[in-house]
Student: 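Starting off with a structure, shown below.
Because the structure is a prediction, the values reported are computed rather than measured.
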2 protein chains.
Amino acid sequence: MMKEAKIPDATIERISLYSRPLERILERGVAVVSSEQLARFCRVNPAQVRKDLSYFGEFGVRGIGYNVRDLLREIKKILVSDREWRLGIVGLGNLGKALVQHENFLNRGYEFVAAFDVDPAKIGFRLPGGLVIEPPSKIQPLTRSLAIEVGLIATPPEEAEGVANLLVHAGIKAILNFAPTQLRQRKCCLVENVDFTVTLDNLAYHVNQRVKEGS
Amino acid sequence: MMKEAKIPDATIERISLYSRPLERILERGVAVVSSEQLARFCRVNPAQVRKDLSYFGEFGVRGIGYNVRDLLREIKKILVSDREWRLGIVGLGNLGKALVQHENFLNRGYEFVAAFDVDPAKIGFRLPGGLVIEPPSKIQPLTRSLAIEVGLIATPPEEAEGVANLLVHAGIKAILNFAPTQLRQRKCCLVENVDFTVTLDNLAYHVNQRVKEGS
DNA sequence: GCCTGTGAATCCATTCACAGCT
DNA sequence: AGCTGTGAATGGATTCACAGGC
């Protein structure tokens, strides 16, 4: 019964998670999947799978399960990955270059259409894939003219806030920030931070916890 | 009053977050910080900061605030980043290489001590920093002899599970998995997944949501 | 019989509001 | 007076358990 209620943030992330095993199952030619099976693949509770999906509609058939192809299509519609998203990246150090070449992005509808860096030595360099590195002065005009919707920031932390400003003024809709600094929150622009050391700290804490319990 | 209760997972992540502005504040020579100030830096609620810290002890002084240097030391003790953690990485494509060279790891006590790849063309190659890429056959002996505690997996998804097996059998304590596949859960080994496309899907969904509301 | 969809119950996390210390 | 530390209150998210439909 498709409610227009507010949907848990965690639900959106899991919906994205579900799509991956579904793709594999579809490739294998299996037509139907149960919440139980899907849950096993994603290491979650089956009721969680059903509830997550039920926020968006009734995609299953009672007594049978979910049609794999249909469910995948619905999920792509929910996540708006049934269309191309145009990305721009600022900062082409090791991480930035790795992101541009990361093939999973393209597979899932995310395409880099511009790359920027401050380093004059890098400007004009053609990346594998054909993108040419542009100077920061081009951030605003290119973001607009190429209709870039999401900006990835992979600069040193000192530059991140300034870069974010440029992107926001050029009308970008969302920023995925890999620089280890907390960007100022802005209306009109969603910001998501990815910080590997936070994740490592988390693991370190829990590893230590286990050692302490075990002794 | 330092409870030995179970601590929210989100708390651990925020504790890690707090350390960054604290380092900057310390460098600036400011001696004391209030929960309100720290909360502003990290975009969280001040009560949240106080509650998070109170799980681990009473680090503040009523009427005054927290001593920056002491608080930072306590946080490092909590996160066990007051010592070196030895990392091994498997898969030295673009992302793997970027991770090895990522300077934030070393700053925070995470040191890569071994690198592995299946590609014969890469084996023997010396990475910036001095690490030499080893073949998969060395994963088990080196993990043991170098006492590697955390393994990072940056292979294609097909290889991830096999690599995880090798690492687990060699006694690794935790895995940080960048391959877009959900690793089987194991006792004795913590697993954390990092998946950029899930984060992008999340942004795409919310951007679309805003557009829909605005219209 | 089987598996979905979902209200109700449970569990967990965040925020409030104030007592307690300096 | 000011700011921490924390029980109580609120707000969310997950899981249970079963009704509903194949």
Student: Could you tell me which residues satisfy side-chain hydrogen bond (donor to acceptor under 3.5 Å, both in side chains) with B:Asn193, sequence neighbours excluded, listed by chain and number?
Tutor: B:Asn177

Student: May I ask you to test the A:Tyr110-A:Asn104 pair for a side-chain heavy-atom distance under 4.5 Å?
Tutor: no

Student: By side-chain hydrogen bond (donor to acceptor under 3.5 Å, both in side chains), which residues pair with A:Thr181, not counting sequence neighbours?
Tutor: none

Student: Using a cut-off of under 3.5 Å, enumerate the N/O to N/O pairs linking the protein to nucleotides 17-19 of chain D.
Tutor:
unit_1	atom_1	unit_2	atom_2	d
D:dA17	N6	A:Arg50	NH2	3.3

Student: Under a 4.0 Å heavy-atom cut-off, which of residues 20-44 of chain B touch DNA chain C?
Tutor: none

Student: How would you list, by chain and number, every residue that makes a salt bridge (Lys or Arg N to Asp or Glu O under 4.0 Å) with B:Glu74, sequence neighbours excluded?
Tutor: B:Lys77

Student: So, is B:Asn45 close to the C:dC16 phosphate, meaning a side-chain N or O under 4.0 Å from OP1 or OP2?
Tutor: yes

Student: Are B:Trp85 and B:Ile148 packed together at the side-chain level, in the sense that at least one heavy-atom pair is separated by less than 4.5 angstrom?
Tutor: no

Student: Establish, from distance only, whether the side-chain atoms of B:Asp52 and B:Tyr18 form a donor-acceptor pair under 3.5 Å.
Tutor: yes

Student: In the structure I gave you, are the side-chain heavy atoms of A:Leu99 and A:Ile89 within less than 4.5 Å of one another anywhere?
Tutor: yes

Student: Do the charged groups of A:Arg50 and A:Glu58 touch, with an N to O distance under 4.0 Å?
Tutor: no

Student: Please report the shortest heavy-atom distance between A:Ala154 and A:Phe178, naming the atom on each side.
Tutor: CA-CB, 4.5 Å

Student: Under a 4.0 Å threshold between the charged nitrogen and the carboxylate oxygen, would A:Asp201 count as salt-bridged to B:Arg108?
Tutor: yes

Student: B:Phe56 has an atom CZ; how far is it from atom C1' of D:dT4, in whole Å?
Tutor: 17 Å

Student: Please classify the nucleic acid contact of B:Asp9 as base, sugar-phosphate, or nothing, using heavy-atom distances under 4.0 Å.
Tutor: sugar-phosphate

Student: Please give, in whole Å, the distance from C:dC12 P to B:Lys6 NZ?
Tutor: 5 Å

Student: With nearest nucleotide decided by heavy atoms, which residue, A:Val61 or A:Arg14, maps closer to the 5′ end of DNA chain D?
Tutor: A:Arg14

Student: Using a 4.5 Å cut-off on heavy atoms from C-beta on, say whether the side chain of A:Ile172 contacts that of A:Val150.
Tutor: no

Student: In whole angstrom, give the distance that lies between atom CD1 of B:Ile12 and atom P of C:dC12.
Tutor: 15 Å

Student: Among residues 64-74 of chain B, which contact DNA chain D at a heavy-atom distance under 4.0 Å?
Tutor: B:Ile64, B:Gly65, B:Tyr66

